[in-house]
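Here the structure is laid out as structure tokens; the discussion comes afterwards.
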Protein chains: 2
Amino acid sequence: MIKLSTKGRYGTRLMVNLARHYKNSNEPTILKNVSEEEGISIRYLEQIIIPLKINRLVKSIRGAGGGYILARKPTEIKICDILHALEGSCSLVECIEDETFCEKIKTCGTYEIWKGATELLRNYFEKLTLQDALEICEKKISAAKKRPKIK
Amino acid sequence: MIKLSTKGRYGTRLMVNLARHYKNSNEPTILKNVSEEEGISIRYLEQIIIPLKINRLVKSIRGAGGGYILARKPTEIKICDILHALEGSCSLVECIEDETFCEKIKTCGTYEIWKGATELLRNYFEKLTLQDALEICEKKISAAKKRPKIK
DNA sequence: AATATATCAACATAAATTTATAGGAATTAT
DNA sequence: ATAATTCCTATAAATTTATGTTGATATATT
Ligand code: FES
Ligand code: FES
């Protein structure tokens, strides 16, 4: 049902991956590495990163030694920005963005319900940044290293 | 992106429509009427109502004079129940329900973010019932009747 | 200057899923 | 019997998801 598209899911993971390298150095990250680390095909990543570039969340550096880097610091990139870039909207139903989408909007009893949920989500994703995801990620990785054999 | 499927959207509207007739009488509502009132094809409604029937949210009466009625009072049917019946889950990403879905779950920095959003939504839809949708609906309809020519 | 490495662009295509329509069988009130 | 209606299965259309191909362009390294 209310599922995040793979574009949104993979795209956010791609951004977190870039954020991890952003911290370590200023060297660009190549999609080949992201592909191996995240288990997503390069071809698909190439398609997914296009809107992220258009929306100036990442910068590309062409040629040998090139790759992608975050356009801003992880603290300055909201999860909402990423989802918006990848999907164009953040609403649960089309009728929130486009009032002509549903004919029955004037008498529809569910419109306000979806609208409330959309605002809830939007507010949540507005408050979260890539930095938050990065910290979760690093915490999990170091925890996994501490007890490498358990489970 | 995070879009409610048409199944979820149409199915909820179908339930609100049944709720409107539930109040008025105990006579079953036929899909032909729902189809006309909601602008959704009968054939599609027939498919959408199956999971609602399986999950005992509606009862069907076959044959001439038959149709569908709510299995319980609108106050006793949560929006969450409807979405759950229609979609099988209420999570934003598969990995919430199925831990084997993503390989990288142990180190993924986005998992907790989607999980938080899922819980936010689930909590919201848990609190809302068909009755709430019904009241919104009736309020809008009577408001539309009061000023019929404006806009 | 030549070579290797990457992005970039424009496709094309295949697989899977969602969305939607269609035909007819089964059931029941009249 | 007839008409009304759900029920069941098939299939078509559209969209999403994913991979493949070909080559152009930019840049670091040798
Ligand atoms: S107005 Fe779009 S679902 Fe009701
Ligand atoms: S674990 Fe599923 S998206 Fe990260």
Side-chain angles (χ1 to χ4, degrees), chain A residues 1-14 18 21 26-36 38-54 56-71 86-89 92-94 101-102, chain B residues 1-14 17-18 21 26-36 38-54 56-71 83 86-89 93-94 101-103:
Chain A
M1 64 157 237
I2 313 178
K3 281 283 179 292
L4 187 64
S5 69
T6 60
K7 227 171 157 184
R9 196 157 50 83
Y10 290 165
T12 310
R13 267 165 63 190
L14 165 60
L18 293 183
H21 293 104
N26 277 322
E27 289 189 359
T29 307
I30 61 175
L31 291 187
K32 187 163 168 283
N33 287 352
V34 179
S35 170
E36 282 162 9
E38 303 292 338
I40 308 164
S41 87
I42 298 181
R43 296 305 186 190
Y44 204 22
L45 284 173
E46 279 178 349
Q47 282 180 53
I48 289 168
I49 209 163
I50 293 170
L52 294 172
K53 217 190 73 170
I54 290 171
R56 294 164 193 269
L57 297 179
V58 304
K59 280 187 284 193
S60 65
I61 297 158
R62 301 183 65 170
Y68 292 94
I69 53 172
L70 293 185
L86 289 166
E87 318 273 1
S89 91
L92 227 56
V93 286
E94 294 274 1
F101 183 77
C102 281
Chain B
M1 63 157 233
I2 314 178
K3 283 281 179 294
L4 188 63
S5 68
T6 60
K7 226 170 158 185
R9 195 156 52 82
Y10 290 165
T12 311
R13 266 165 63 191
L14 164 58
N17 193 292
L18 293 183
H21 294 104
N26 278 323
E27 289 190 359
T29 308
I30 59 175
L31 290 186
K32 186 163 169 285
N33 287 351
V34 179
S35 169
E36 280 162 11
E38 303 292 338
I40 308 165
S41 88
I42 299 182
R43 295 306 190 184
Y44 203 20
L45 285 173
E46 281 178 348
Q47 283 181 52
I48 289 168
I49 210 164
I50 292 171
L52 294 171
K53 217 189 69 171
I54 291 171
R56 295 163 192 268
L57 297 179
V58 304
K59 280 187 284 195
S60 67
I61 297 157
R62 299 187 67 171
Y68 294 93
I69 53 172
L70 292 186
L83 294 177
L86 289 165
E87 319 272 0
S89 90
V93 286
E94 295 275 0
F101 183 76
C102 280
E103 282 181 23

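To find a chain, count down the sequence lines: A is the first, B the second, and so on, and within it residues start at 1. Please read these numbers as outputs of a predicted model, since none were measured by experiment.
In this structure, B/K32 places its NZ atom 11 Å from P of D/dT6, rounding to the nearest Å. The interatomic distance linking A/I42 (CD1) with D/dT21 (P) rounds to 14 Å, in whole Å. Look at CD on A/E87: it is 8 Å from P on D/dT17, rounded to the nearest Å. Distance NZ (B/K53) to P (D/dT6): 11 Å, rounded to an integer number of Å. One interatomic measurement links the two molecules: OH of B/Y68 to P of D/dT5, which rounds to 12 Å at whole-angstrom precision. If you take CZ of A/R43 and C1' of D/dG20, they are 7 Å apart, rounded to a whole angstrom. As rounded to whole Å, 14 Å separates atom P of D/dG20 from atom CG of A/L45. Rounded to a whole Å, the CD1 atom of B/I69 is 15 Å from the P atom of D/dT5.
The shortest distance between the side-chain N/O atoms of A/S41 and the OP1/OP2 oxygens of D/dT19 is below 4.0 Å. Between B/S60 and D/dC7, a side-chain N or O to OP1/OP2 separation shorter than 4.0 Å is present.
The residue B/K59 sits apart from the nucleic acid: no heavy atom pair falls under 4.0 Å. Counting any heavy atom pair closer than 4.0 Å across all strands shown, B/L31 reaches sugar-phosphate atoms only and no base atom.
In the model, A/S5 has no side-chain atom that pairs as donor or acceptor with a side-chain atom of A/Y10 under 3.5 Å.
Residues passing the side-chain contact (heavy atoms from CB on, under 4.5 Å) test with A/E38 are A/R13, A/N17, A/V34, A/I40, sequence neighbours excluded. Contacts of B/R62 classified as side chain to side chain donor-acceptor pair (under 3.5 Å), with partners at least two apart in sequence or in another chain: none. Residues meeting the side-chain contact (heavy atoms from CB on, under 4.5 Å) test with B/I50, sequence neighbours left out: B/I54. In this view, B/E103 satisfies the side-chain contact (heavy atoms from CB on, under 4.5 Å) rule with no residue, not counting sequence neighbours. With sequence neighbours excluded, no residue satisfies salt bridge (charged side-chain N to carboxylate O under 4.0 Å, His left out) with A/K53. By the side-chain contact (heavy atoms from CB on, under 4.5 Å) test, A/I30 pairs with A/K32, A/N33, sequence neighbours left out. A/E46 is linked by a salt bridge (charged side-chain N to carboxylate O under 4.0 Å, His left out) to A/R43, counting only residues two or more places apart in sequence or in another chain.
Mapping B/G66 and A/R9 onto DNA chain D via the closest heavy atom, the residue that lands nearer the 5' end is B/G66.
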Inset, instruction - Take nucleotides 25-30 of chain D nucleotide by nucleotide from the 5' end and write B, S or -, depending on whether a protein heavy atom sits under 4.0 Å from the base, only from the sugar-phosphate, or from neither. - result: BBBS--

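With values rounded to the nearest 0.5 angstrom, A/L57 atom CG is found 8.5 Å from A/L70 atom CG.
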Using nucleotides 12-19 of chain C, report all nitrogen or oxygen pairs with the protein that are shorter than 3.5 Å.
| from | atom 1 | to | atom 2 | distance (Å) |
| --- | --- | --- | --- | --- |
| C/dT19 | OP1 | B/T6 | N | 3.4 |
| C/dT19 | OP2 | B/T6 | OG1 | 3.4 |
| C/dT19 | O5' | B/T6 | OG1 | 3.3 |

